[in-house]
Amino acid sequence: MKQLLNKPLRAFAGYAFLILLCSIPAYYYFMDYIWISELNEHNRIIAEKTRYNLNAIANQDSTLAQMIGLWNKLQPNTDLQPTQTIQPDSIYNLYKQKPHAPNQDIDRFQGLVTYFSVQGQPFRFRVETNVEESYETILTITGVTLVFFVFLVLGFILINKRISSRLWQPFYATLQKLRAFSLDKQQNIVFEPTNIAEFEELNQALSSLIESNLGVYKQQKEFTENASHELQTPIAIVQSKLDLLLQNQNLTQEQSSYIDDANQALARVSRINKNLLLLAKLENAQYARQESINLSELLSDTVLLFTDYAEGKNIPINTILEPGVSATGNKVLVEILLTNLVLNAIKHNTGHGSIQIKLSPDRLVIANSGTTALLFEQLFRRFGRASTQTPSTGLGLAIVKEIATRHNWTISYEFQDNWHYFSLILTP
């Protein structure tokens with residue numbers, strides 16, 4: 001994951017590097033243009049000075065031809081020769097070896113050809129100046145720019161880290177409190193005040209949202225608990241009335257069948273009501289007592305309790321239980337968890353199938369034979385139907401998930417080779 005402040009820093013560094021790359025040919029073009037312009041001016045000054053000195057010498061001495069020959073020998077980069085006519089000046093650029101240079105390097109020269117008269121006689125004057133130093137200047141400027149660019153990027157990184165550590169400190173404090181927040185604890189969050197307007201607005205919005213959610217959550221829990229309590233009495237009354245009706249000797253077979261159907265539906269409603277009440281108690285942290293539990297013995301007792309029920313469905317239960325496996329938790333809740341898992345393995349089994357239960361110090365695996373995988377997205381949701389083949393209240397596995405979460409355990413499901421595997425990881 002990339003941090004927020006690193007993204008603009010990388011963009012700025014990339015943009016600066018792109019501009020640096022584009023500046024190199026710009027440096028070359030402008031520096032070369034300025035350098036050549038200065039050299040052309042330099043060549044013209046030399047030509048003008050040569051013309052002036054020749055005219056001055058010619059007025060005092062008649063040996064002009066000897067002076068010109070001597071000039072050409074003393075100035076290897078110039079050439080002064082008499083000509084027939086005066087023509088327009090010309091500028092040229094060429095590469096050649098330096099005259100009288102010890103190495104064989106080819107250098108660049110900027111040349112000027114100009115014409116002037118000395119005592120009425122036209123002369124052609126050529127002067128060439130080495131411009132190789134322009135490359136050295138450009139390379140030096142580029143190197144210096146690269147060095148400063150590196151220092152600039154390193155400065156950006158250091159400043160970014162210092163600014164982010166101070167500027168984003170309120171954000172990380174808020175994030176840490178949000179991570180520790182839980183609706184079950186029913187505790188509001190008090191955010192630290194900050195002088196940054198955006199973070200202060202964020203904290204105010206989060207405080208308002210959390211306070212609203214806490215109120216709604218509390219109302220929902222109270223409604224579920226109160227409704228479950230209030231439903232117990234009328235359900236018990238209706239059940240007792242139905243039992244009295246079944247004892248009536250004048251009932252017909254059809255009437256008795258209707259009463260049985262009503263009893264089954266009422267029993268399902270009673271189970272749903274008890275499960276909802278259990279979930280409400282779990283959310284209200286009414287099972288806070290913690291103790292050391294011998295899982296090996298508790299699981300063995302649970303399996304023994306359902307052995308007759310499973311054998312009635314021709315489903316043998318095979319167990320591999322390591323002795324002395326213990327855990328810390330609420331014994332009532334752990335017993336409910338084990339009961340629901342074993343019942344689920346019997347309920348979602350096939351005819352003449354089997355159940356395998358394996359307990360180790362860090363894991364409990366309950367596997368049962370099956371034909372179709374359960375719907376994972378509905379598996380641990382309240383009133384979720386994980387299978388269309390087996391009717392259920394849709395609360396058993398939701399209770400298992402809630403109890404496992406309360407004990408910092410992890411429950412998982414997978415389907416392989418026509419076997420359902422429910423794994424309970426006992427280590428946090």
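Count residues from 1 along the sequence.
At distances below 3.5 Å, at least one donor-acceptor pair connects side-chain atoms of Thr405 with backbone N or O atoms of Lys401. Thr78 contributes no side-chain N or O that, together with a main-chain N or O of Val127, makes up a donor-acceptor pair within less than 3.5 Å. Without hydrogens or angle criteria, Asn344 side chain to Asn340 main chain gives no donor-acceptor distance under 3.5 Å. Judged by distance alone, the side chain of Ser257 and the main-chain N or O of Gln253 form no donor-acceptor pair under 3.5 Å.
Here side chain to side chain donor-acceptor pair (under 3.5 Å) pairs that include residues 357-367, with residues two or more places apart or in two chains, are Ser360-Asp362.
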Determine, stepwise, if the pair Gln110 / His42 fulfils side chain to side chain contact (heavy atoms under 4.5 Å, CB included).
CA-CA 10 Å; Gln110 183 70 17; His42 171 74; over 6 Å; no

For Tyr92 and Arg126, what are the C-alpha separation, side-chain angles and deciding distance, and is it a side chain to side chain contact (heavy atoms under 4.5 Å, CB included)?
CA-CA 11 Å; Tyr92 63 93; Arg126 176 177 58 83; 3.2 Å; yes

Before you tell me yes or no, could you show the steps for Leu424 and Leu337 under side chain to side chain contact (heavy atoms under 4.5 Å, CB included), namely the whole-Å CA-CA distance, both residues' side-chain angles and the distance that decides it to 0.1 Å?
CA-CA 10 Å; Leu424 182 67; Leu337 181 145; 3.7 Å; yes

Pair Phe422-Leu397, side chain to side chain contact (heavy atoms under 4.5 Å, CB included): steps then yes or no:
CA-CA 10 Å; Phe422 282 88; Leu397 290 177; 4.1 Å; yes

Salt bridge (charged side-chain N to carboxylate O under 4.0 Å, His left out) evaluation trace for Arg406 with Glu402
CA-CA 6 Å; Arg406 295 285 169 177; Glu402 187 69 26; 3.2 Å; yes

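No hydrogens or angles considered: nothing links the side chains of Ser354 and Asn318 as a donor-acceptor pair under 3.5 Å.
Here the straight-line distance linking atom CZ of Phe306 with atom CD1 of Ile355 works out to 10.5 Å at 0.5 Å rounding. Atoms CD1 and CG, from Ile357 and Leu341 in turn, are 9.0 Å apart once rounded to the nearest 0.5 Å. Residue Ile46 holds its CD1 atom at 5.0 Å from OG1 of Thr129, rounded to the nearest 0.5 Å. Rounding to the nearest 0.5 Å gives a distance of 10.5 Å between OG1 of Thr302 and CD1 of Ile317. The OH atom of Tyr309 sits 7.5 Å away from the NZ atom of Lys347 when rounded to the nearest 0.5 Å.
Heavy-atom minimum distance, Ile366 versus Ala345: CG2-CB, 3.9 Å. For the residue pair Tyr421 and Val365, the shortest heavy atom distance occurs at CD2-CG1, 4.1 Å. Lys177 and Ile189 make their closest contact through O-CD1, 3.6 Å (heavy atoms, listed as atom of the first residue, atom of the second, distance). Residues Leu333 and Ile403 share a closest heavy-atom pair of O-CD1, 3.3 Å. The two residues Gly353 and Pro316 make their nearest non-hydrogen contact at O-CD, 3.1 Å.
Taking a 6.0 Å sphere around CD of Gln169, one finds it holds 12 or fewer heavy atoms contributed by other residues, nucleotides or ligands. In Gln176, the CD atom is not crowded: 12 or fewer heavy atoms of neighbouring residues, nucleotides or ligands sit closer than 6.0 Å. Within 6.0 Å of atom CD in Glu198, 12 or fewer heavy atoms from other residues, nucleotides or ligands are found, so the atom counts as exposed in its surroundings. Counting non-hydrogen atoms of other residues, nucleotides and ligands closer than 6.0 Å to CD of Glu200 gives a total above 12.
Under the side chain to side chain donor-acceptor pair (under 3.5 Å) criterion, Glu41 pairs with no residue at all, not counting sequence neighbours. By the salt bridge (Lys or Arg N to Asp or Glu O under 4.0 Å) test, Arg44 pairs with Asp89, sequence neighbours left out.
The one candidate from Ile346, Asn349, Ile315, Thr350 that meets the side-chain contact (heavy atoms from CB on, under 4.5 Å) condition with Asn368 is Asn349.
Between His420 and Phe415, the ring planes are tilted. Angles from 30° to 60° get that label.
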